Amino acid sequence: MKKVRVRFAPSPTGELHLGGARTALYDYLVARNLGGQFVLRIEDTDQERYVEGSMERFLADLDWLGLAPDEGPVQGGGFEPYIQSERLESHQKIAQELLEKGLAYYDFSTSAGSGGFEDEAYRAGRVIYRGEDRNLNLEVARERLANGETAVIRLKVPAGKIEFNDLVRGKVTFDLATVDDAVLLKSDGYPTYHLANVVDDYLMEISHVLRAEEWLPSTPKHLVLYDGLGWPRPEFAHLPLILATDKKKLSKRVHGEGVWIGTYRDQGYLPEAIVNYLALLGWNAGGDQEFFSLDELVAKFSLDRVHKAGAVFDPIKLDHFQNHYIKQLTVDDLAKRLEYFISSDLDRDLVRRVATVVQNRLVRLADFESSSHYFFELPEYEKEDLVFKKSTAESSLMGLDFAHQALFSLDEAGWQIEETLNSLLGEVRDHKNLTNGDLFWPIRVALTGQQKSPSPSECLWVLGKDESLKRLTLAKDKLGQ
RNA sequence: GGCCCCAUCGUCUAGUGGCCUAGGACAUCGCCCUCUCACGGCGAAAACGGGGGUUCAACUCCCCCUGGGGUCACCA
């Protein structure tokens with residue numbers, strides 16, 4: 001059986017986005033599931049769009065997601081180089097072979113940039129591009145080249161129909177009469193995607209080509225190349241697009257930075273949440289299960305369950321996965337992951353206790369410090385805030401007073417256990433004939449200054465005896481004024 | 001416009017001819033828990049785009065229509 005080798009081939013022109021990450025994930029899953037290799041190849045043949053540092057960020061993002069490649073520019077792997085611009089010789093050599101075989105031709109007729117492709121022509125439903133020099137004699141062309149003329153090399157699309165079996169879409173057919181003579185080698189000597197991608201996939205022995213559906217229309221060009229060169233075609237799987245709420249392909253230009261993986265990482269999303277949610281955008285295991293670890297995905301993934309229709313990315317649902325995985329974390333792990341997002345001067349024991357009580361409600365790690373600020377600094381609030389809507393200032397003051405007395409008498413051991421604090425407050429309430437609103441509410445506000453917060457006993461536990469009593473005293477003073 | 005792809009609740013989806021009175025999840029709305037907010041529990045509302053076939057039987061198969069999307073560069 002043929003070796004399974006799946007590649008992710010991003011272009012270093014920006015940041016890794018949701019769609020790219022999902023493709024990389026499926027690449028990884030297919031490779032792992034079939035016991036093959038996951039290969040990373042950087043497609044940087046467009047010098048103009050190249051962005052410095054982009055490749056490094058791709059690598060970091062993949063790594064963060066847990067999708068580190070088996071082979072690639074960093075780890076090597078036996079099919080070097082993994083950076084496309086370093087494989088120019090192969091591309092140019094194959095271009096010449098194509099010329100010799102009459103599968104491509106030098107095209108002098110098109111000046112750089114316009115290429116003869118005019119919008120109006122397409123709008124009018126006009127024909128496909130066929131270069132004027134299509135049948136120019138190769139020797140003549142080479143002479144003109146030698147005389148200093150410039151030309152591109154174009155694919156000479158043959159007549160007929162071409163079809164292939166897409167692993168997610170089934171049989172797809174194209175009439176080659178509707179396929180343009182695409183540029184294969186630019187006048188600067190660099191290959192276009194169509195040439196480089198095919199050549200490199202062949203040379204790197206790629207068995208499965210997974211890519212987004214937007215590539216479907218150019219597939220016949222690639223097929224013509226494989227067939228013409230006598231190379232075996234890899235398996236193709238065109239993945240459904242990830243859509244924005246407007247049902248259009250997700251793009252930075254119109255949908256903003258929420259398309260970038262880095263945006264989510266910086267906000268404190270967990271990679272396991274992103275991976276899990278992304279996996280489900282276009283695939284499912286067939287049942288009702290929705291939470292999957294990466295290993296489970298590897299075990300259950302298969303291309304024949306990948307959907308054909310595009311899927312809308314819903315950030316609200318991502319939050320659901322995020323919260324789920326946050327709740328799964330041990331406190332130690334949560335504290336560790338929080339480290340990157342919090343101020344260096346915060347007391348780490350305090351951070352750990354805060355993390356314990358806010359874990360259920362936390363979504364973005366980056367929001368941790370600001371949403372829990374009152375634990376780290378003295379809260380500010382108005383006197384009136386201390387009184388529950390169904391209570392009175394007198395009862396609230398009593399509540400604070402009795403609570404202070406009881407808590408003051410509690411030893412340090414008691415303060416270590418939240419449940420002890422909670423039942424102590426319960427006793428105070430019962431013995432002093434207070435309502436929850438008379439007791440718990442003012443304590444919460446005294447401790448946090450907030451209308452919404454973790455329960456009073458949890459806040460007491462977080463803040464500890466000294467700080468808690470201090471805040472209760474402050475509140476009593478404020479209310480007594 | 002040409003070519004190609006697609007089509008189940010608002011969204012992600014289950015469904016591979018009878019198990020469907022179309023299931024689950026998110027979101028929404030109720031209720032419970034309750035000192036608040038979350039978490040959690042319970043419940044409600046919510047979909048097979050339309051028309052033809054095929055079949056004893058279509059969400060499931062075929063055709064047409066409609067609708068949506070992608071693509072049409074010396075970018076990938």
Side-chain angles (χ1 to χ4, degrees), chain A residues 9-13 43-46 48-49 107 110-117 119-129 150-154 166 169 172-175 177-180 182-194 196-197 211-220 238 240-241 243 245 247-249 277 280-291 307-314 316-321 323 327 358-363 388-391 399 425 429 435-445 448 450-456:
Chain A
S11 191
T13 55
E43 309 221 324
D44 61 341
T45 54
D46 186 349
E48 290 182 15
R49 295 208 311 154
D107 186 0
T110 55
S111 54
S114 73
F117 289 7
D119 283 354
E120 313 86 65
Y122 280 103
R123 208 144 293 155
R126 206 207 57 168
V127 278
I128 31 54
Y129 186 88
T150 58
V152 297
I153 295 178
R154 279 185 189 275
D166 190 281
R169 277 151 225 286
V172 181
T173 308
F174 290 89
D175 185 344
T178 66
V179 177
D180 286 300
V183 169
L184 260 21
L185 203 72
K186 306 180 237 180
S187 52
D188 64 3
Y190 278 79
T192 60
Y193 174 89
H194 305 303
N197 191 264
R211 44 155 69 147
E213 189 191 339
E214 66 203 29
W215 286 106
L216 209 41
S218 54
T219 304
H238 287 91
L241 259 14
L243 277 18
T245 323
K247 297 276 191 181
K248 300 229 191 315
K249 187 173 81 167
Y277 181 53
L280 263 25
L281 244 30
W283 171 88
N284 80 86
D288 288 341
Q289 184 181 349
E290 59 171 356
F291 294 120
H307 305 144
K308 298 184 174 90
V312 173
F313 173 79
D314 180 7
I316 307 281
K317 187 142 188 178
L318 203 215
D319 283 354
H320 170 69
F321 283 90
N323 186 242
K327 284 184 291 191
V358 303
Q359 187 165 14
N360 277 350
R361 68 196 65 209
L362 189 59
V363 178
F388 186 54
K389 57 180 189 256
K390 292 178 187 167
S391 183
L425 293 180
R429 176 198 54 208
T435 66
N436 282 332
D438 299 331
L439 186 71
F440 288 88
W441 178 270
I443 295 176
R444 177 213 325 294
V445 177
T448 69
Q450 306 294 309
Q451 308 277 323
K452 306 171 182 176
S453 79
S455 72

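Given the structure is predicted, the values throughout are model-derived calculations rather than measurements. Throughout, protein chains are lettered first and strands after them, A, B, ... in sequence-line order, and every chain is numbered starting at 1.
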**Student:** Please report, rounded to the nearest Å, how far the C1' atom of B:A27 is from the CZ atom of A:Phe321.
**Tutor:**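 Taking atom C1' of B:A27 as the reference, CZ of A:Phe321 is at 13 Å.
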**Student:** Are A:Thr192 and A:Thr45 packed together at the side-chain level, in the sense that at least one heavy-atom pair is separated by less than 4.5 angstrom?
**Tutor:**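 No, every pair of side-chain atoms sits at 4.5 Å or beyond.
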**Student:** Find the partner of B:A22: check Watson-Crick (N1-N3 plus N6-O4 or O6-N4) and G-U wobble (N1-O2, O6-N3) distances, both under 3.5 Å, and reply none if neither fits.
**Tutor:**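 Here B:A22 is not engaged in any pair, so there is no nucleotide opposite it.
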**Student:** NA contact type, A:Gly287, heavy-atom cut-off 4.0 Å: base, sugar-phosphate, or nothing?
**Tutor:**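 A:Gly287: no heavy atom of the nucleic acid under 4.0 Å.
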**Student:** Between A:Lys327 and A:Tyr193, just flag the one whose closest nucleotide in RNA chain B comes earlier from the 5' side.
**Tutor:**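 This one resolves to A:Lys327.
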**Student:** Please measure how far the C1' atom in B:U60 lies from the corresponding atom in B:G15, and state the result in whole Å.
**Tutor:**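 These two C1' atoms come out 8 Å apart once rounded.
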**Student:** The side chain of A:Ile316 is closest to which nucleotide in this list: B:C26, B:U36, B:C12?
**Tutor:**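 Of B:C26, B:U36, B:C12, B:C26 is nearest to the side chain of A:Ile316.
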**Student:** Quick one: do A:Asp46 and A:Arg49 make a salt bridge, cutoff under 4.0 Å?
**Tutor:**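 Looking at A:Arg49 together with A:Asp46, the answer is yes, because their closest N to O distance falls below 4.0 Å.
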**Student:** Identify the nucleotide, in any strand shown, that forms a Watson-Crick or G-U wobble pair with B:A44, with both distances under 3.5 Å; if there is none, say none.
**Tutor:**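 Because both required distances fall under 3.5 Å, B:A44 counts as paired with B:U28.
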**Student:** Rounded off to whole Å, could you give me the CZ-to-P distance for the A:Phe174 and B:C5 pair?
**Tutor:**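 Taking atom P of B:C5 as the reference, CZ of A:Phe174 is at 6 Å.
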**Student:** Does a side-chain N or O from A:His320 land closer than 4.0 Å to OP1 or OP2 of B:U11, or not?
**Tutor:**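 The answer is no; no side-chain N or O of A:His320 sits under 4.0 Å from OP1 or OP2.
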**Student:** To the nearest 0.5 angstrom, please state how far the CD atom of A:Glu48 sits from the OG1 atom of A:Thr13.
**Tutor:**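 Reported to 0.5 Å precision, the distance equals 13.0 Å.
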**Student:** Base, sugar-phosphate, or nothing for A:His238, non-hydrogen atoms under 4.0 angstrom?
**Tutor:**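 A:His238: no heavy atom of the nucleic acid under 4.0 Å.
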**Student:** Find out whether A:Asn197 and A:Arg211 are in side-chain contact, i.e. whether some heavy atom of one side chain is under 4.5 Å from a heavy atom of the other.
**Tutor:**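 They are in contact (side-chain heavy atoms under 4.5 Å apart), so the answer is yes.
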**Student:** Atom CD of A:Gln289 to atom P of B:G24: distance rounded to whole Å?
**Tutor:**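 Computing the A:Gln289:CD to B:G24:P distance gives 17 Å.
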**Student:** For B:G50 versus B:A7, give the span between their P atoms, rounded off to a whole number of Å.
**Tutor:**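 It comes out at 15 Å once rounded to the nearest Å.
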**Student:** Once you apply the 3.5 Å cut-off to both distances, tell me the Watson-Crick or G-U wobble partner of B:A58, or none.
**Tutor:**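 By the stated definition (distances under 3.5 Å), nothing pairs with B:A58.
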**Student:** Taking the side chain of A:Asp288 as its heavy atoms from C-beta onward, which of B:U36, B:A76, B:G24 lies nearest to it?
**Tutor:**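 Closest of the options to the side chain of A:Asp288: B:G24.
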**Student:** How would you label the contact of A:Thr173 with the nucleic acid (heavy atoms, under 4.0 Å): base, sugar-phosphate, or nothing?
**Tutor:**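 Counting heavy atoms under 4.0 Å across all strands, the contact made by A:Thr173 is with sugar-phosphate only.
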**Student:** Does a side-chain heavy-atom distance below 4.5 Å link A:Lys247 with A:Val312?
**Tutor:**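 Yes; the side chains approach each other to less than 4.5 Å.
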**Student:** Base, sugar-phosphate alone, or nothing: which one does A:Pro456 contact when heavy atoms must sit under 4.0 Å apart?
**Tutor:**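 Base, at least one base heavy atom under 4.0 Å.
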**Student:** Base, sugar-phosphate or nothing for A:Pro191? Non-hydrogen atoms, less than 4.0 Å.
**Tutor:**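 Sugar-phosphate, no base atom in range.
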**Student:** Measure from CG on A:Asp180 to C1' on B:C4 and round the result to the nearest Å.
**Tutor:**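 Rounding to the nearest Å, CG of A:Asp180 and C1' of B:C4 are 14 Å apart.
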**Student:** Could you work out the separation of B:G67 and B:A38 based on their C1' atoms and round it to a whole Å?
**Tutor:**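 The same atom, C1', in both gives a distance of 41 Å.
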**Student:** Checking contacts here: which listed nucleotide (B:C12, B:C75, B:A25) is nearest the side-chain heavy atoms of A:Asp46?
**Tutor:**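 It is B:C75.
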**Student:** Roughly how many Å apart are B:G18 and B:A58, using the P atom of each and rounding to a whole number?
**Tutor:**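 Going atom to atom, P in each nucleotide, I get 12 Å.
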**Student:** Are the charged groups of A:Lys249 and A:Glu213 less than 4.0 angstrom apart, N to O?
**Tutor:**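 Not counted as a salt bridge, because no side-chain N and carboxylate O are separated by less than 4.0 Å.
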**Student:** Can you see if the side chain of A:Lys247 gets near the phosphate of B:U11 - specifically, an N or O under 4.0 Å from OP1 or OP2?
**Tutor:**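 True: A:Lys247 side-chain N/O within range (under 4.0 Å) of B:U11 OP1/OP2.
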**Student:** When rounded to the nearest Å, what value does the distance between P atoms of B:C9 and B:A46 take?
**Tutor:**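 Those two atoms are separated by 14 Å.
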**Student:** Rounding to an integer number of Å, can you tell me how far A:Asp166 CG sits from B:C4 P?
**Tutor:**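 Value for this atom pair: 15 Å.
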**Student:** Among the nucleotides B:U36, B:G70, B:C74, which one has an atom lying closest to any side-chain atom of A:Leu241?
**Tutor:**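 Taking heavy atoms from C-beta onward, the closest nucleotide is B:G70.
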**Student:** Counting only Watson-Crick pairs (N1-N3 plus N6-O4 or O6-N4) and G-U wobbles (N1-O2, O6-N3), all under 3.5 Å, who is the partner of B:G1?
**Tutor:**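 When the pairing criteria are applied, B:C72 turns out to be the nucleotide that pairs with B:G1.
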**Student:** Using both distances under 3.5 Å as the test, list the Watson-Crick or G-U wobble partner of B:G67, or none.
**Tutor:**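 Pairing partner: B:C6.
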**Student:** Mind checking the CD-CH2 spacing from A:Gln451 to A:Trp441? Nearest 0.5 Å is all I need.
**Tutor:**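 It is 4.0 Å, given to the nearest 0.5 Å.
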**Student:** Hydrogens and angles aside, do A:Asp107 and A:Tyr129 bring a side-chain donor and acceptor to less than 3.5 Å of each other?
**Tutor:**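 Short answer, yes.
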**Student:** For B:C75, take OP1 and OP2 only and decide whether either is under 4.0 Å from a side-chain N or O of A:Lys186.
**Tutor:**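 Checking B:C75 against A:Lys186, a side-chain N or O does come within under 4.0 Å of OP1 or OP2.
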**Student:** Expressed as a whole number of Å, how far does the P atom of B:A22 sit from that of B:C6?
**Tutor:**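 Pairwise P distance, B:A22 against B:C6, rounds to 27 Å.
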**Student:** Measure from the side chain of A:Ser455, starting at C-beta and using heavy atoms only, and say which of B:U36, B:G70, B:C74 lies closest.
**Tutor:**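 That would be B:U36.
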**Student:** Would you say B:C72 has OP1 or OP2 under 4.0 Å from some side-chain N or O of A:Ser218?
**Tutor:**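 A:Ser218 to B:C72 OP1/OP2: no side-chain N or O under 4.0 Å.
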**Student:** Looking only at side-chain atoms of A:Ala311, point me to the closest of B:U13, B:C74, B:C5.
**Tutor:**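 In terms of side-chain proximity for A:Ala311, the closest of B:U13, B:C74, B:C5 is B:U13.
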**Student:** With heavy atoms under 4.0 Å as the rule, sort A:Lys390 into base, sugar-phosphate or nothing.
**Tutor:**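 Nothing, no heavy atom under 4.0 Å.
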**Student:** Using the C1' atoms only, state how far B:C72 lies from B:U16, rounded to an integer number of Å.
**Tutor:**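 It comes out at 35 Å once rounded to the nearest Å.
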**Student:** Is it the case that B:A25 (base atoms only) and A:Lys317 (side chain only) share a donor and an acceptor within less than 3.5 Å, ignoring hydrogens and angles?
**Tutor:**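 Such a pair is found, so the answer is yes.
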**Student:** Cut-off 3.5 Å, side chains only: do A:Thr435 and A:Asp438 have a donor facing an acceptor?
**Tutor:**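 Checked: A:Thr435/A:Asp438 side chains pair up, N/O donor to acceptor below 3.5 Å.
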**Student:** OP1 or OP2 of B:G70 sitting under 4.0 Å from any side-chain N/O of A:Lys249?
**Tutor:**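 No, outside the criterion.
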**Student:** With distance as the sole criterion, do the side chain of A:Thr192 and the base of B:C74 form a donor-acceptor contact below 3.5 Å?
**Tutor:**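 Answer no: no donor N or O sits under 3.5 Å from an acceptor.
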**Student:** Select base, sugar-phosphate, or nothing to describe what A:Phe388 touches, counting heavy atoms under 4.0 Å on all strands.
**Tutor:**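 Sugar-phosphate, backbone atoms only, no base.
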**Student:** How long is the line joining CD of A:Glu213 and P of B:C6, in whole Å?
**Tutor:**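 About 8 Å, once rounded to whole Å.
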**Student:** Does B:A76 have OP1 or OP2 under 4.0 Å away from a side-chain N or O of A:Arg49?
**Tutor:**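 Answer no for this pair, as no side-chain N or O of A:Arg49 is under 4.0 Å from OP1 or OP2.
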**Student:** Considering only side-chain heavy atoms of A:Glu214, which listed nucleotide, B:C4, B:C26, B:U71, is closest?
**Tutor:**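 Between B:C4, B:C26, B:U71, the one nearest the side chain of A:Glu214 would be B:U71.
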**Student:** Counting only side-chain nitrogens and oxygens, does A:Asn284 get under 4.0 Å of the OP1 or OP2 atom of B:A14?
**Tutor:**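 The answer is yes; a side-chain N or O of A:Asn284 sits under 4.0 Å from OP1 or OP2.
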**Student:** Can you check the A:Leu243 CG to B:G69 C1' distance for me, whole Å?
**Tutor:**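 Rounding to the nearest Å, CG of A:Leu243 and C1' of B:G69 are 7 Å apart.
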**Student:** Atom CD of A:Glu290 and atom C1' of B:A25: how far apart are they, to the nearest Å?
**Tutor:**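 Distance check: A:Glu290 CD to B:A25 C1' gives 5 Å.
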**Student:** Please confirm whether the shortest side-chain N or O distance from A:His194 to OP1 or OP2 of B:A76 is below 4.0 Å.
**Tutor:**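 Checking A:His194 against B:A76: no side-chain N or O falls below 4.0 Å of OP1 or OP2.
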**Student:** When the C1' atoms of B:A45 and B:G52 are considered, how many whole Å apart are they?
**Tutor:**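 Nearest-Å result for B:A45 against B:G52 at atom C1': 33 Å.
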**Student:** If you look at every strand shown and take non-hydrogen atoms under 4.0 Å, does A:Thr45 touch a base, only sugar-phosphate, or nothing?
**Tutor:**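 Sugar-phosphate: the residue A:Thr45, judged by heavy atoms under 4.0 Å, touches backbone atoms but no base.
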**Student:** Please tell me which of A:Leu216 and A:His307 maps to the more 5' nucleotide of RNA chain B, matching each residue to the nucleotide holding its nearest heavy atom.
**Tutor:**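 The 5'-side residue here is A:Leu216.
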**Student:** Hey, do the aromatic rings of A:Phe291 and A:Phe321 have their centres closer than 6.0 Å?
**Tutor:**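 That pair passes the under 6.0 Å test.
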